[in-house]
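Okay, structure first, notes after.
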Amino acid sequence: MIKIIEANKESEKIAKILSRSQMDSTEVLETVNQILEEVKTDGDKAVLKFTQLYDENKLENLKVTQEEIEAAKQAIDKDLEKALKNAIKNITTFHKKQVKEGFMINESPDVMLGQMVMPIEKVGLYIPGGTASYPSTVMMNAIPANLAGVKEIVITTPADKNGKIKDSVLVTADLLGVDQIYKIGGAQAVGALCYGSETIPKVDKIVGPGNIYVAMAKHKVSGLVGIDMIAGPSEVLIIADEKANPTFIAADLLAQAEHDKRAASIVVTDSHSQAKAIQKEVEIQLQMLERNEIAREALSEYGAIILCETKEQCFEIANDFAPEHLEILTENPFEDYKKIKNAGAIFLGEYSPEPLGDYYAGPNHTLPTSKTARFSSALGVDDFYKKTSLVYYSKEALRQASEDILLIANNEGLTGHANSIKVRMEES
Ligand SMILES: NC(=O)c1ccc[n+]([C@@H]2O[C@H](COP(=O)([O-])OP(=O)(O)OC[C@H]3O[C@@H](n4cnc5c(N)ncnc54)[C@H](O)[C@@H]3O)[C@@H](O)[C@H]2O)c1
Ligand SMILES: N[C@H](CO)Cc1c[nH]c[nH+]1
Ligand SMILES: [Zn+2]
């Protein structure tokens with residue numbers, strides 16, 4: 001049963017919830033370190049070993065063949081394909097707003113400054129596929145990559161026990177022009193994309209969400225290769241007042257809890273009767289949920305209904321938790337959202353449930369978890385760009401700046417820097 005915690009009386013429990021990061025497990029870290037090390041030295045051999053161990057499948061081919069893509073295109077339900085195309089349209093419309101251009105400042109012929117915006121050349125999209133498969137994540141990652149102009153996009157996603165990737169994932173990838181798809185997941189996929197193997201190409205940046213092993217592996221390889229963010233096990237925090245609908249709230253808690261036994265589903269409310277009603281609804285709906293084993297474990301370990309003394313306290317706790325998704329189910333969400341400082345995405349009012357954002361509305365569903373919404377943002381076109389500065393000064397412009405530069409360089413004790421300016425000023 002999901003627990004009710006009184007914020008003012010059980011401060012230790014609240015502190016534990018608020019400080020908990022999914023990224024502090026030493027057990028996960030040790031497993032991931034070992035996988036990455038072996039993939040680095042043994043390439044495909046290690047990738048296959050860990051795939052067999054954790055995904056329990058023996059793969060004939062790591063790379064999805066054109067025949068497999070064609071078969072998926074034939075087999076896919078046509079209504080589903082249409083729905084995917086509608087979602088692609090919405091997500092594209094939203095992300096087009098993020099497209100950026102470089103700029104140039106040349107207010108005088110003596111000085112020209114600029115910023116070039118260029119696509120990253122090779123990116124790896126991690127598409128989760130352990131306990132569910134995610135065509136929606138293909139859209140959320142490939143659309144911004146395409147809009148940024150990335151030339152080479154590689155997908156890794158775990159296959160099922162028969163070595164097959166779901167038709168919807170292959171068709172969505174095909175609709176978005178991605179044809180390099182590898183049937184591997186977990187830390188071994190992240191390692192292969194970072195170090196390269198006989199079969200898997202080494203990329204410049206790895207993006208996309210995944211379970212704790214994927215999130216930890218991305219964190220560990222970051223620096224050798226670019227990563228987008230920590231986008232680990234899903235989280236939702238719902239701020240609910242007395243009048244909010246407990247049936248809707250319970251459904252939204254379960255929607256995230258079914259993702260992963262480590263998913264966090266939390267409510268903050270200032271109403272005791274609401275807390276009780278939600279608790280009861282969660283139990284009722286759990287009985288009907290297909291993935292109720294995962295959801296039950298997530299709710300008992302990472303779920304909570306936090307009962308606050310005041311509405312303000314609800315917002316303080318929400319900001320401290322910095323959830324991936326935040327739903328505001330209060331009388332005036334259009335005023336209340338302004339109090340939020342830390343959240344990956346905010347959903348306003350009772351007809352904007354989080355799954356609307358997962359699949360369809362347009363904003364990205366790849367979002368920061370484990371309190372990283374304090375400093376990270378939703379995946380977007382920007383994640384697929386790099387920016388390079390351009391500097392031009394004429395001799396006269398450099399002469400005018402030289403005195404200031406020499407003072408700063410000498411102050412830093414870097415006389416070689418000062419000399420680089422001086423030799424130019426001494427030139428006849
Ligand atoms: N934050 C976001 O933006 C976001 C978006 C979508 C999904 N998600 C999250 O993605 C995750 C999807 O998880 P999933 O497991 O279904 O798929 P996944 O593809 O992320 O992970 C499956 C892989 O994990 C590896 N693995 C499983 N158990 C392991 C173990 N004990 N040791 C080492 N490796 C192991 C396996 O190799 C397997 O291929 C969920 O946590 C979900 O909440 C997050
Ligand atoms: N809720 C997930 C992000 O935490 C995204 C998703 C994809 N499909 C279903 N849900
Ligand atoms: Zn979801």
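Atoms within each ligand, like the ligands themselves, are counted from 1 in listed order.
Using a 4.0 Å cut-off to heavy atoms of Leu367, the atoms of ligand 1 that qualify are 1 (N), 2 (C), 3 (O). Atoms of ligand 1 lying under 4.0 Å from any heavy atom of Thr366, numbered from 1 in the order shown and given with element: 3 (O). Residue Val214 approaches ligand 1 through these ligand atoms, each under 4.0 Å from one of its heavy atoms: 20 (O). Listed by number with element, the atoms of ligand 1 under 4.0 Å from a non-hydrogen atom of Gly186 are 23 (C), 24 (O), 25 (C), 37 (O), 39 (O). The distance from ligand 1 to the heavy atoms of Asp260 drops below 4.0 Å at these ligand atoms: 40 (C), 41 (O). Heavy-atom contacts of Thr369 reach the following atoms of ligand 1: 1 (N) (cutoff under 4.0 Å). Ligand 1 places these atoms under 4.0 Å from at least one heavy atom of Gln188: 37 (O).
Using a cut-off of 4.0 Å between Lys/Arg side-chain N and Asp/Glu carboxylate O, Glu12 and Lys16 are scored as not salt-bridged. Ion pairing between Glu293 and Arg296 fails under the 4.0 Å rule for side-chain N and carboxylate O. Ion pair Glu301/Lys261 not flagged as a salt bridge, since none of the NZ, NE, NH1 or NH2 atoms sits closer than 4.0 Å to an Asp/Glu carboxylate oxygen.
Two residues are said to be in side-chain contact when any heavy atoms from C-beta on lie closer than 4.5 Å; Ile346 and Leu326 meet this criterion. Annotation: side chain of Lys49 is not in contact with side chain of Asp42 (no heavy-atom distance under 4.5 Å).
Proximity of a side-chain donor or acceptor of Gln22 to a complementary backbone N or O of Arg262 within less than 3.5 Å is detected.
Not a single heavy atom of Glu235 lies less than 4.0 angstrom from ligand 2. Within the structure, the closest approach of Gly129 to ligand 1 falls below 4.0 Å when heavy atoms are considered.
Regarding atom 3 (C) of ligand 2, its nearest protein heavy-atom neighbour is Glu324 OE2, 3.2 Å. In terms of protein heavy atoms, atom 35 (C) of ligand 1 is closest to Tyr213 CD1, 3.6 Å. In this structure, atom 38 (C) of ligand 1 lies nearest to the protein heavy atom Asp55 OD2, 3.3 Å. For atom 13 (O) of ligand 1, the closest non-hydrogen atom on the protein side is Asn211 CB, 3.5 Å.
The option from Gly210, Ala159, Gly185, Ser370 that lies nearest to atom 10 (O) of ligand 1, judged by heavy atoms, is Gly210. Of the candidates Ala263, Ala217, Ala345, Ser234, the one placing a heavy atom closest to atom 8 (N) of ligand 1 is Ser234. Looking at Ser136, Pro135, Gly232, it is Ser136 that brings a heavy atom closest to atom 8 (N) of ligand 2.
Looking at Thr137 next to ligand 1, no N or O pair under 3.5 Å apart turns up. Looking at Gly130 next to ligand 1, an N or O pair under 3.5 Å apart turns up. Annotation: His259 places an N or O atom under 3.5 Å from an N or O atom of ligand 2; distance criterion only. By the 3.5 Å distance cut-off applied to N or O atoms, Gly232 is counted among the residues near ligand 1. Considering backbone and side-chain atoms together, Asp358 places an N or O closer than 3.5 Å to an N or O of ligand 2. Taking distance alone, with nitrogen or oxygen atoms compared against 3.5 Å, Glu354 approaches ligand 2 more closely than that limit.
Here the N, O or S atom of Asp358 that is nearest to the Zn ion (ligand 3) is OD2.
Residue-level proximity to ligand 1 for Glu324 is carried by the side chain, the only part with a heavy atom below 4.0 angstrom. Only the side chain of Pro158 comes within 4.0 Å of ligand 1, counting heavy atoms alone; its backbone N, CA, C and O stay farther away. Both the backbone and the side chain of Thr131 come within contact range of ligand 1, each with a heavy atom under 4.0 Å. Residue-level proximity to ligand 1 for Tyr126 is carried by the side chain, the only part with a heavy atom below 4.0 angstrom. Of all the heavy atoms of Arg262, none lies under 4.0 Å from any atom of ligand 1, so neither backbone nor side chain is involved.
With rounding to the nearest 0.5 angstrom, the CG atom of Leu147 is 13.0 Å from the NZ atom of Lys97. Note that CG of Asn86 is 4.0 Å distant from OH of Tyr360, once rounded to the nearest 0.5 Å. A distance of 10.0 Å separates CZ of Phe334 from CD1 of Ile328, quoted to the nearest 0.5 Å.
Residue contacts to the Zn ion (ligand 3): His259 brings an N, O or S atom closer than 2.8 Å.
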